[in-house]
Asker: 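Here it is, the structure in full.
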Amino acid sequence: MGVGRKLKHWIGDERVDLARSRLHEFAEQSTERHLRLAVTGLSQSGKTIFITSLVHHLLHAHRSGSLPFFEVAASGRVVSSRDLSTASEHPFPLRQALAGLSQDPPQWPESTTGLSEVRLAIRYRRPAGLRRVLGETGTLYLDIIDYPGEWLLDLPLLEMSFEQWCEQQTQLFAGEPRAKVAQGWLAQLGEIDWTAPADPAVLRRLADGFASVLQQLRTGPDGLSLLQPGRAVLPGEYAGSELIELFPLMIDHWPSGEVPAGSYLDLLRSRYDQYCEQIIKPFYSRYFSRFDRQIVLVDCLKTLNRGEACFEDMKAALSAILESFNYGRSGFLRRLFAPRIDKVLFASTKADHVTANQHHNLDRFLELIVEEAQRNIRFDGIETRSLALSSIRSTQAAQAQMDGQVLSCLRGISKENGEEVALFPGEVPTELPGADDWNEERFRFIDFAPRRLPLNDLEAKHHIRLDQVLEYMTGDLFR
Amino acid sequence: MSESKRRQGAVWLDLDKLEAAEQAPKESARVQEVPLDQVVDIADNEGVELIESPAPRRRRGWKKLFGFSLGAVVVTGVGAELYRLLSWGFSIHLGVGIGFSVLLALLAISGGVQIWRSFKGLRQLRDTERLHDRARELLEHSGQGRSAALLAGLERRYQDQAGHSSVIDAIRELDSAYSDREVVQFLSRHALESQDAAARRCVQRYSVESGVMVALSPWATFDMLLVGWRNLRMLREIAGIYGIAPGAAAQWKLLKSVLHGLAFAGASEMAIDAGSAALGSSLTSTLSARAGQGLGAGLFTARTGLQAQKLCRPLPLERDEGRVFDAVAKGIVQRLGGSK
């Protein structure tokens, strides 16, 4: 038995692996600068396209001039950057995404179904000053991971027991639109004696039923996002596994007294614990516990199109998710041993889908959605900011004469039918619209197809505020 | 109120009716697009802004009267004297008279040119101040559509000046999605890059030179004259760098504002100054007292130069100034060390 094996035996596999990766990181970070950027967002909020565009612009930062607000690039201090993702187990499919965006007609990348990593090394010239002592050039390693937003919603489960989760879900499913969609399935739950010995086939049927309820809620008119467990919506590598045959027990009368071993209730509870231990925890401790900075992407326009239920649901989902990250001041030593997030940026994506004079309103509306989460984060003394951004600009600003007045509008290609349209999509409200205002007449934020993104010769007009995101997130590390 | 405020609903538009605002991305059309839809807003804003406090009006009356009467007395006095000179010249000989008139004409023409120049400089200074104020205001504002006046002003100011094409280029490069604050930040960073670098070099050079001169010159009164002379030269050069015609009136006004700025410096600048003084003392403890004086004079010149740069630059300066002070202090000590 080798020493490593013995250690593992004593302390547990996971901890040894964790300690080893920490040590590895320590060695790396003490010599070079390292930044783990958390790109957080619900599904369809534009994480993949954000990462694609960010990496693409950074890889060309040394010559393109497409990032005027990113100081290190604008002042020509970026020597070169290199994509190190190929060394990873699951490299980010940058090439495919870029190929899709640069072909004719260009296409948005496919929705993400699995986890992937990007690692970028950026070599820069240090500005004149004390840090020059360390050498004329420095290297910053930037780590980003991409994952399906559905899985993010599993993180809050780590803090809850099975009973707490069931109670919370019962409350959720008491409200519309969940109650209506889940009506039939809930009735099935009532027919079963939960203390009786479990029949796996029945559980499987119920789990499948719950998964289809979640799918309906997700794709339905309200487009809900607070759907747990996340693997039931998108199983990933666990497709067909028993581990994810899990659903919350939403019954009026919780069976009292001792729970017999091997009963339905016992089995469900142990599955929940397994789900937390074997699926969420490794995912969390491997990828989510060691971030330095965070950007939270929110699709505000979706909530405006879908209505109040979607708005409230997204708000709840975001606050739940953001509670599972570590926030706090992150000094040099902290960053080495137990990094915490010390800067958070809230960004509303698809800023190109509204006219430029509405960007300010979009910021304000975003603050409505993330209000609670932002308050908690600020309480920890963390710097936050909100911003309207567009990773890839798919529309052109234009003007039209309407009834004798000039109206600014957008011109782009509709994603739905591929035809060119011109549209003033309505004003973004700065406070929560009343019940009467959620209607088709007031806003119609249609989805646009992307405009072609060149593989070279990037310009500032290919994105909106991506450079400011970079400056805010990484600017101080290049000084 | 703005009419676009009224229109809240979504509107589909006919493609043919569109005026593509960004058809030709490098043309100034893109920039023009921002103002057009919210012109009313700017007018609203100006209305609020222009309400002045009427209090100091009364005092002005006497001052104006004094200036006017003094001017009238001097003009009539000089005019009468000149007339007597001319008539005396003609009474002696026709040639002498013609000689006098030619001299007087030369004087009048050159004087006129001087006055015109200095008025131009004054006007440019005033313009700069106005642009500066407007930019500062826009920095506080997070909406969109108020930057048109600033852009038009900048464009007018730098349009026909050689060596300032970077300003016009930067205005062309502005993105239609930028908010007013971003417009100012973008221009402040990218429009005046070369000018800023030149101004910083100029300040540094003059400060180090005057510091070294003071440290080496043996007469105390001479020092004062030297520093004053270097400072005036520097002011003129900085004004020139930012495209302000260096007339006497403009220079005088600039000097006045610079001194005013120095005298009523804010707490932060005081702090910088205290810092540089501390730095000075630690450096000069190894040098003679005279070298310390030189360092003080150099830092004073640097402060004057930065103040002048702030006044001549049409956009607010956002970078830190500590670096210039450091560089000046180091430069003086190095030169003195080398010359010893």
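Please read all numbers here as calculations on a predicted model, not as lab measurements. Just so it is clear: chains get the letters A, B, ... in the order the sequence lines come, proteins before strands, and each one is counted from 1.
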Asker: Is A:R385 positioned over the aromatic face of A:Y472, cation under 6.0 angstrom from the ring centre and no more than 45 degrees off axis?
Answerer: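 Verdict for A:Y472: a cation-pi partner in A:R385.
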
Asker: Please identify each residue that fulfils ring pair (Phe, Tyr, Trp, His ring centres under 6.0 Å) with B:H190, with sequence neighbours left out.
Answerer: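 Listed in chain order: B:F186.
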
Asker: Below 4.5 Å from any heavy atom of chain B, which atoms of A:L389 appear? Answer side chain, backbone, both or neither.
Answerer: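 Nothing of A:L389, per the 4.5 Å heavy-atom cut-off to chain B.
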
Asker: Output all residues satisfying ring pair (Phe, Tyr, Trp, His ring centres under 6.0 Å) with A:F365, sequence neighbours left out; order by chain, then residue number.
Answerer: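 Applying ring pair (Phe, Tyr, Trp, His ring centres under 6.0 Å) to A:F365 gives A:F311.
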
Asker: Sort A:L423 into side chain, backbone, both or neither according to what part of it lies under 4.5 angstrom from a heavy atom of chain B.
Answerer: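 Both the backbone and the side chain of A:L423 come within 4.5 Å of chain B.
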
Asker: Under 4.5 Å from any heavy atom of chain B, what part of A:Q358 do you find: side chain, backbone, both or neither?
Answerer: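 No part of it gets close to chain B.
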
Asker: Judged by modelled atom types alone, do B:S210 and B:T301 share a side-chain donor-acceptor pair under 3.5 Å?
Answerer: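 Short answer, yes.
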
Asker: Below 4.5 Å, heavy-atom pairs only: which of A:Q468, A:E420, A:R465 has the largest tally toward chain B?
Answerer: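 Ranked by heavy-atom pairs under 4.5 Å with chain B, first place is A:R465.
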
